[in-house]
Amino acid sequence: MCADKKLKGLSRELMALRVANELEDGSYVNLGIGIPTLVSDWIEGRDIILQAEVGMLNTGPLATQDRVEQDLINASCQPVTELPGSCYFSECESFAMIRGGYMDTAVLGALQVSEKGDLAGWQNPERGLPEDIGNIGGSMDLAVGARKVIVAMMHVTNEGEPKIRTECTYPLTASGVVTLIVTDLAVISVTPRGLVLEEVAPGVTAEDVQSVTEPRLIISQDLAEIRL
Amino acid sequence: MCADKKLKGLSRELMALRVANELEDGSYVNLGIGIPTLVSDWIEGRDIILQAEVGMLNTGPLATQDRVEQDLINASCQPVTELPGSCYFSECESFAMIRGGYMDTAVLGALQVSEKGDLAGWQNPERGLPEDIGNIGGSMDLAVGARKVIVAMMHVTNEGEPKIRTECTYPLTASGVVTLIVTDLAVISVTPRGLVLEEVAPGVTAEDVQSVTEPRLIISQDLAEIRL
Amino acid sequence: MDKVYPSVDEAVADIPDGASIAIAGFFTAGTPVPLIRALVRQGAKDLTVICMQMGPGNEDINHLVANKQVKKAICNYPFYRSASRGASSPTEMAVRAGELEMEVFPMGTFIEKLRAAGAGIAAFYTPTGVGTVVETGKEKRKFGDREYLLEEALKPDYAFVYAYKSDRMGNLVCHKTARNYTPEMAAAGKITIAAVESIVEPGQLDGDAVHVPGVYVQRVVKVDRPAYFPSID
Amino acid sequence: MDKVYPSVDEAVADIPDGASIAIAGFFTAGTPVPLIRALVRQGAKDLTVICMQMGPGNEDINHLVANKQVKKAICNYPFYRSASRGASSPTEMAVRAGELEMEVFPMGTFIEKLRAAGAGIAAFYTPTGVGTVVETGKEKRKFGDREYLLEEALKPDYAFVYAYKSDRMGNLVCHKTARNYTPEMAAAGKITIAAVESIVEPGQLDGDAVHVPGVYVQRVVKVDRPAYFPSID
């Protein structure tokens with residue numbers, strides 16, 4: 001299943017840009033830890049409001065060194081800034097908002113995604129901790145609560161193993177929630193018919209993507225280069 | 001069961017004073033509609049904090065005509081005033097607080113109280129409305145949520161019928177919650193042994209009280225005149 | 001994200017027949033009267049209204065009933081305390097005539113059901129109402145040594161709420177006891193319409209002092225501050 | 001009602017062995033560090049700590065573990081993200097050695113369980129965790145066309161919370177994202193102890209801008225504003 005060659009795809013920054021292009025104006029969005037956080041760099045000036053599960057709406061860009069406030073962080077514990085219209089609330093309210101369906105989109109990282117849109121992201125069994133504990137954080141609530149879940153992740157593991165699987169082998173975050181997968185190599189939509197390869201990175205072919213993807217991909221009739 | 005003579009007991013104001021004497025310093029108290037509301041006149045300067053279920057802690061005295069604020073009312077829709085340390089919260093938080101056990105004492109009116117401490121107060125069937133609707137308001141939450149429930153009511157109905165009953169015949173507000181009954185004629189505690197007549201109004205005898213009370217009263221060994 | 005509507009009439013224009021509408025307000029305090037009046041003018045029928053009261057402290061909800069727009073009312077304190085005043089109230093007359101369906105909950109259960117809907121909670125167990133008529137038809141269950149009733153979330157199509165101030169993004173600030181049902185009803189409504197006394201630009205509110213995060217509010221409309229003397233019958 | 005204690009040590013002095021303690025704070029923000037340090041000095045053992053994390057962003061809770069005071073931890077994000085950093089963390093070592101019992105919940109479920117305890121709700125149904133290891137041993141039930149898990153209230157004996165300002169009566173005002181777990185943990189704790197940067201006289205706070213009504217707070221103690229750079233490993 002592993003590709004022999006190491007495919008060269010998009011940088012993390014351009015993956016974030018591709019995700020940003022997917023977000024709708026007038027929407028409320030939560031960005032998870034990792035690559036998803038980088039999406040915030042691409043939406044400045046757009047009519048998109050970011051929620052931070054620590055308890056903030058309209059989270060601004062990362063704070064520069066001279067503007068760090070210790071009481072103003074995002075969910076990744078990075079110092080952030082306010083925007084006009086920012087407001088604060090408790091953790092409980094933050095998750096009421098998330099579970100209640102008020103996030104139009106959540107962008108999450110993942111360890112694995114299945115062809116049915118199952119998401120595994122909170123625990124890597126290779127770390128060897130008991131299987132029922134780990135850093136769940138806000139991931140499960142976001143995965144079930146958001147109206148749309150986009151996964152942004154590298155296409156394969158550091159060892160070259162596919163992360164898009166027929167079935168997730170790692171502990172699940174949620175079942176059947178992912179609708180779009182953006183990786184360094186491809187954009188893949190999760191449909192009732194199966195995974196549809198919609199876009200490929202420059203210089204990457206559909207065959208290349210299939211070679212590092214466990215389930216069979218349906219090639220879109222409109223297959224295109226990733227729209228950046 | 002009805003007494004032949006109309007017994008002359010305490011005024012509503014003095015009943016409220018008797019209840020006020022029962023409240024502990026350093027406690028949080030909710031006062032229901034009717035006679036209970038009058039208790040607030042007797043606790044000025046004491047270390048007692050009143051909660052109003054509309055969403056206020058440390059409710060002050062009723063507002064004089066020139067100080068009425070339309071956004072500042074108690075649960076009876078009377079204009080009230082602030083005290084130093086007053087704060088506001090939502091209805092939902094107000095009842096979280098009540099159900100969560102944060103009211104040390106609730107003082108409620110009642111239509112009937114049973115010898116087991118059952119409270120009936122939210123619906124008078126004689127009004128002829130369907131039996132499952134009526135003005136429940138905050139009464140059921142207060143009755144089950146408060147650590148101590150004191151009932152303040154007239155001893156008999158306008159027609160002279162006893163309101164302290166072997167069993168309540170009116171729809172219940174809550175079962176077995178009342179621990180003290182203060183009426184115009186007597187102070188009665190609800191105990192596992194039954195109702196104990198603790199105090200009588202000036203000029204009223206234990207026999208007088210029993211004559212307008214359905215269940216058999218246990219006469220306290222320390223029976224006294226109502227402590228005002 | 002500018003959520004300001006030009007008028008209350010435009011803010012309620014799309015409400016269809018059969019909609020459910022939560023209406024904030026504790027007797028006189030924080031009731032979005034201009035939105036209720038706009039709904040009377042708009043005329044949508046077969047409505048389910050979800051609100052504390054149906055007349056006491058505020059006659060406007062009664063006008064919806066008098067105007068034959070309400071099929072069902074879900075309340076916690078629907079009636080005038082005075083039986084004689086109640087006898088001439090459109091709501092009480094409609095209930096007695098069997099023309100208005102009504103469901104009543106304890107106040108804490110009522111607002112917790114709305115809170116659950118906004119918070120993605122399907123149902124919860126409350127001790128309130130055990131051993132009373134409220135438990136009729138409901139699951140009763142013991143946790144520890146105490147009994148509780150199962151109550152399900154109540155999700156309205158619309159919520160009418162009231163605020164003292166807001167910004168154009170829908171962040172709301174309430175005033176004293178006029179806050180009451182506004183925060184949880186705002187979160188519960190699929191479409192929440194806020195009648196607001198003063199609308200400012202984003203950045204002019206203190207983010208720590210916002211009572212309703214703007215994500216819950218879809219429409220904001222400026223109204224005049226009402227003037228009334230608080231009282232109920 | 002003056003709830004001010006003279007020192008953090010006096011505020012935590014009565015905590016017995018075996019107590020459960022909820023501790024507010026989201027990584028670095030709003031963690032009541034001086035209370036945790038006082039608890040290390042105080043030495044109570046066999047504790048159950050209920051908090052987001054056991055090290056990341058804040059080492060102090062880890063010190064309780066290193067000091068052998070913790071029997072059980074209930075968390076939502078206990079471990080360092082870095083496996084190598086985790087390998088030398090007292091919490092992770094104790095978990096691996098079977099010396100520390102641990103239970104983990106999704107963040108929303110975690111704080112909702114505490115909220116339920118403070119609000120007199122015995123249990124609730126949440127969609128979060130269905131189809132995952134989180135559902136193990138829990139009742140699963142359908143409402144509408146969706147499955148939910150039953151989660152019970154979690155009531156701690158004590159809560160350690162943090163605030164920017166308070167008055168002597170225990171009304172708390174939080175600052176920006178340092179609010180996080182404070183309001184619901186304060187309501188959940190049987191005895192809630194607030195570490196506060198600035199304590200004022202009653203009447204000096206805006207009653208509309210209080211985040212935690214004083215009824216939930218039993219002890220207030222002045223602490224110095226901490227200085228740190230927000231980051232986690």
Side-chain angles (χ1 to χ4, degrees), chain A residues 33-34 52-56 59 63 65 68-80 82 86 88-99 118-120 122-124 126-145 171-177, chain D residues 24 26-30 52-53 56-57 73 75-81 83 86 92 95-96 102-112 114-115 126-134 136 146 164 174-185 211-212 225-232:
Chain A
I33 289 179
E53 61 251 55
V54 60
M56 180 179 190
T59 307
Q65 196 72 21
V68 170
E69 279 192 68
Q70 64 193 23
D71 291 342
L72 185 44
I73 62 170
N74 65 15
S76 305
C77 202
Q78 297 168 307
V80 292
E82 289 183 327
S86 290
Y88 303 94
F89 35 86
S90 77
E91 207 59 35
C92 191
E93 183 73 42
S94 182
F95 280 89
M97 195 180 282
I98 287 168
R99 267 191 325 259
D118 297 345
L119 169 61
W122 69 278
Q123 212 231 32
N124 188 336
E126 285 160 28
R127 187 153 166 181
L129 284 159
E131 65 168 11
D132 58 346
I133 62 174
N135 288 346
I136 299 178
S139 63
M140 288 190 187
D141 294 288
L142 281 162
V144 304
L172 288 191
T173 304
S175 301
V177 295
Chain D
F26 192 107
F27 296 131
T28 54
M52 176 172 170
Q53 53 80 17
C75 310
N76 64 65
Y77 196 99
F79 300 117
Y80 290 98
R81 269 191 287 181
E92 193 169 325
V95 165
R96 287 180 188 276
M102 182 177 280
E103 203 172 359
V104 170
F105 293 97
M107 199 180 287
T109 302
F110 171 90
I111 188 61
E112 189 72 12
L114 288 153
R115 189 258 173 196
T126 176
T128 306
V130 169
T132 77
V133 67
V134 168
T136 311
R146 201 169 182 198
Y164 184 62
C174 302
H175 189 231
K176 300 190 177 180
T177 55
R179 191 185 317 179
N180 59 72
Y181 295 96
T182 282
E184 283 76 17
M185 283 189 176
H211 298 127
V212 182
R225 180 165 174 80
Y228 52 76
F229 188 89
S231 78
I232 46 169

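Every chain is numbered from 1 and lettered A, B, ... according to where its sequence line falls, protein lines coming before strand lines.
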How far apart are the closest heavy atoms of [X] and [Y], and which atoms are they?
X	Y	result
A:C77	D:F27	SG-CB, 3.4 Å
A:A174	D:T132	N-CG2, 4.2 Å
D:T126	A:R99	OG1-CD, 3.3 Å
A:L72	D:T177	CA-OG1, 3.3 Å
A:D71	D:H175	OD2-ND1, 2.8 Å

Need one label for [X]: side chain, backbone, both or neither, based on atoms under 4.5 Å from any heavy atom in chain A.
X	value
D:T182	neither
D:P78	both
D:F229	side chain

Interchain contact, [X] with chain D, by part (heavy-atom threshold 4.5 Å):
X	answer
A:Q65	side chain
A:T173	backbone
A:R127	both
A:V54	both
A:I33	side chain
A:N74	backbone
A:E69	both
A:I98	neither
A:A143	neither

How long is the span from the [atom1] atom in [X] to the [atom2] atom in [Y], to the nearest 0.5 Å?
X	Y	atom1	atom2	result
D:N180	A:F89	CG	CZ	12.0 Å
A:S76	D:R81	OG	CZ	6.0 Å
D:M107	A:E53	CE	CD	5.5 Å
D:T136	A:D132	OG1	CG	7.0 Å
D:E92	A:I133	CD	CD1	8.5 Å

Quick one: which of [options] has the most heavy-atom pairs under 4.5 Å with chain A, could you say?
options	result
D:P106, D:G30, D:G131, D:P226	D:P106
D:G129, D:C75, D:A227, D:C174	D:A227
D:E103, D:Q53, D:M185, D:E184	D:E184

Exercise for review: Could you check D:V134 against A:W122 for side-chain contact (heavy atoms from CB on, under 4.5 Å), going step by step and ending with a plain yes or no?
Suggested key: CA-CA 12 Å; D:V134 168; A:W122 69 278; 5.7 Å; no
4.5 Å side-chain heavy-atom contact, [X] and [Y]:
X	Y	value
A:C92	D:E112	yes
A:V144	D:V130	no
D:N76	A:I136	no

Point to revise | Worked check of side-chain contact (heavy atoms from CB on, under 4.5 Å) between A:Q70 and D:T28 | key: CA-CA 8 Å; A:Q70 64 193 23; D:T28 54; over 6 Å; no
Review point. Do other residues, nucleotides or ligands put more than 12 heavy atoms under 6.0 Å from the OH atom of D:Y164?
Key: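 Result for OH/D:Y164: open.
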